[in-house]
Amino acid sequence: MSVKEATKAAPAPMRTTPEPPRPAKRHRNWDEVPRWQIYLPLGIYLLFTLIPFYWILLFSLRPAGSTSLVPWPMTFDHFEKVWTERSFGTYFQNSVLVGVVTLLMTTLVALAGGYALARFNFRIKRAFMLGLLCSQFVPGALLLVPLFEIFAELQMINSLGSVIIAETVFQLPLSMILISNFIKNVPYSLEEAAWVDGCNRMTAFRIVVLPLLRPGLIAVGSFAFVHSWNHFLFALMFLNNQEKQTIPVGLNTLMGADSVDLGALAAGGIIAAVPVVIVFAFIQKWLITGFSAGAVKG
């Protein structure tokens, strides 16, 4: 047999693929917190947060007199009762009107005042800022008597306009301070460049500054809306007619002196909470960005 034939007859050598290198064992840094130390407190906090919501949902969906820990059989009688018999449909419309108008008025007035504080220098600027900060230490209960006297003279008692004005005045100091910080974060050179291009101050503000303030405006507006939606004191004192009352006052009417309708009260609480949760679910990204941007400079 020739060398050539012997070469063909010999089996081909087996090729072994090299083993992939094993990843190096990851060593935890001395300052790195174990995962269980993060998840355990968050889980406990989430548990204590969700249990009250589940309890409210349970009372609102299970039949009256039931003691089951699971809402089954499920019923919506409590929602129908509070929406029709207890006039929660009217309360809901009034709360939406108060919240939206308060949001618009607070945002517009705070935007004008915040721009003046951020871009202009005047003698009493520091004193004015100090007054705005000090006004936050005044509880709303102390404003009831003077506001009631003013609205009585203006014949605005038992009007939603009185609640809207009171909520706007109460929200303006903090909103003005926040928006002034947002505007300070916008470089002044952008406005100057717009002036060089032929824009006046108002046009430069509308074209250049206002689009950059969207996260801040959403943060301030949402804060004003939620506060006016949940505020109980002004609506209780200034509104006497049941057709003018808001949801917080309507929830208070469900609690009697001798007994409390827990199912109806829980259903009313769900009706009051769901719109706010939906709004925050849509604006969460801009809300976090706005509050973090407003906290950079002061």
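- At distances below 3.5 Å, at least one donor-acceptor pair connects side-chain atoms of T102 with backbone N or O atoms of V98.
- For Q155, the CD atom is loosely surrounded, since the number of other residues' heavy atoms within 6.0 Å does not exceed 12.
- The distance between the ring centers of F205 and W195 does not fall below 6.0 angstrom.
- Checked against a 6.0 Å centroid threshold, the rings of F59 and H78 do not count as neighbours.
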L160 and L97: CA distance, side-chain angles, deciding distance, side chain to side chain contact (heavy atoms under 4.5 Å, CB included) verdict: CA-CA 8 Å; L160 291 178; L97 179 61; 3.6 Å; yes
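- Between the N252 side chain and the P248 main chain, no donor and acceptor come within less than 3.5 Å of each other.
- Taking CG from L108 and OG from S175, the interatomic distance works out to 11.5 Å, rounded to the nearest 0.5 Å.
- Rounding to the nearest 0.5 Å gives a distance of 5.0 Å between CG of L132 and CD1 of I177.
- Of the inter-residue distances, the one linking M176 atom CE with L117 atom CG reads 6.5 Å to the nearest 0.5 angstrom.
- Atom OH of Y45 sits in a sparse spot, with 12 or fewer heavy atoms from other residues, nucleotides or ligands closer than 6.0 Å.
- Here the closest heavy-atom approach between residue S162 and residue S159 is recorded as OG-O, 2.6 Å.
- The neighbour count for F120 CZ, taken as heavy atoms of other residues, nucleotides or ligands under 6.0 Å away, is above 12.
- The minimum heavy-atom distance between G268 and V82, with the atom names listed, is N-CG2, 4.4 Å.
- Residues I157 and L143 share a single hydrophobic cluster, defined by chaining ILVMFWY side chains whose heavy atoms lie under 4.5 Å apart.
- No side-chain heavy atom of L61 sits less than 4.5 Å from a side-chain heavy atom of T75.
- Under the 4.5 Å side-chain criterion, counting only non-hydrogen atoms from C-beta, Q245 is not in contact with N241.
- Rounding to the nearest 0.5 angstrom, the gap separating the CD atom in E191 from the CD1 atom in I183 is 8.5 Å.
- Taking a 6.0 Å sphere around OH of Y54, one finds it holds more than 12 heavy atoms contributed by other residues, nucleotides or ligands.
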Test log, rule side chain to side chain contact (heavy atoms under 4.5 Å, CB included), inputs L46 and L42: CA-CA 6 Å; L46 185 63; L42 290 178; over 6 Å; no
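- The two residues L111 and I179 come nearest to each other via the heavy atoms N-CD1, 3.8 Å.
- Between F128 and K125, the closest side-chain pair of non-hydrogen atoms is not below 4.5 Å.
- Both F148 and I164 belong to a single network of hydrophobic side chains, linked directly or stepwise wherever heavy atoms of I, L, V, M, F, W or Y lie under 4.5 Å apart.
- Here the straight-line distance linking atom CZ of F88 with atom CG of N94 works out to 12.0 Å at 0.5 Å rounding.
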Side chain to side chain contact (heavy atoms under 4.5 Å, CB included) between L190 and L212, intermediate numbers included: CA-CA 11 Å; L190 296 178; L212 300 177; 4.0 Å; yes
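- No donor-acceptor pair closer than 3.5 Å links the side chain of T106 to the backbone N or O of L103.
- A distance of 10.5 Å separates CD1 in I247 from OH in Y91, rounded to the nearest 0.5 Å.
- For the pair E153 and I150, the minimum side-chain heavy-atom distance is 4.5 Å or more.
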Residue pair T203, R206: steps toward the side chain to side chain contact (heavy atoms under 4.5 Å, CB included) verdict: CA-CA 5 Å; T203 305; R206 179 173 55 85; 3.8 Å; yes
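- Residue pairs that meet the salt bridge (Lys or Arg N to Asp or Glu O under 4.0 Å) test with at least one member in residues 51-80, sequence neighbours left out, do not exist here.
- With a 4.5 Å cut-off on side-chain heavy atoms, S228 and Q171 do not count as touching.
- Following chains of ILVMFWY side-chain contacts shorter than 4.5 Å, one can reach I278 starting from V276, so the two form part of one hydrophobic cluster.
- What you find for N240 and M237 is that their closest heavy atoms are OD1-O, 4.4 Å.
- Linking Ile, Leu, Val, Met, Phe, Trp and Tyr residues whenever their side-chain heavy atoms come within less than 4.5 Å leaves V169 and L236 in two separate clusters.
- Remark: F92 engages W83, W229 in a ring-ring contact (aromatic ring centres under 6.0 Å, His included) (not counting sequence neighbours).
- Under the 4.5 Å side-chain criterion, counting only non-hydrogen atoms from C-beta, I165 is not in contact with T168.
- Counting heavy atoms from C-beta on, the side chains of V186 and R119 come closer than 4.5 Å.
- Transitive grouping of hydrophobic side chains (ILVMFWY, heavy atoms separated by less than 4.5 Å) keeps F232 and V226 in distinct clusters.
- The shortest distance between side-chain heavy atoms of L172 and V109 falls below 4.5 Å.
- Nearest heavy-atom pair, F223 versus L174, reported as atom, atom and distance to 0.1 Å: CE2-CD2, 3.7 Å.
- Under the rule for a ring-ring contact (aromatic ring centres under 6.0 Å, His included), the partners of F238 that lie at least two apart in sequence or sit in another chain are F151, F234.
- The nearest pair of heavy atoms linking L251 to L265 is O-CD1, 3.7 Å.
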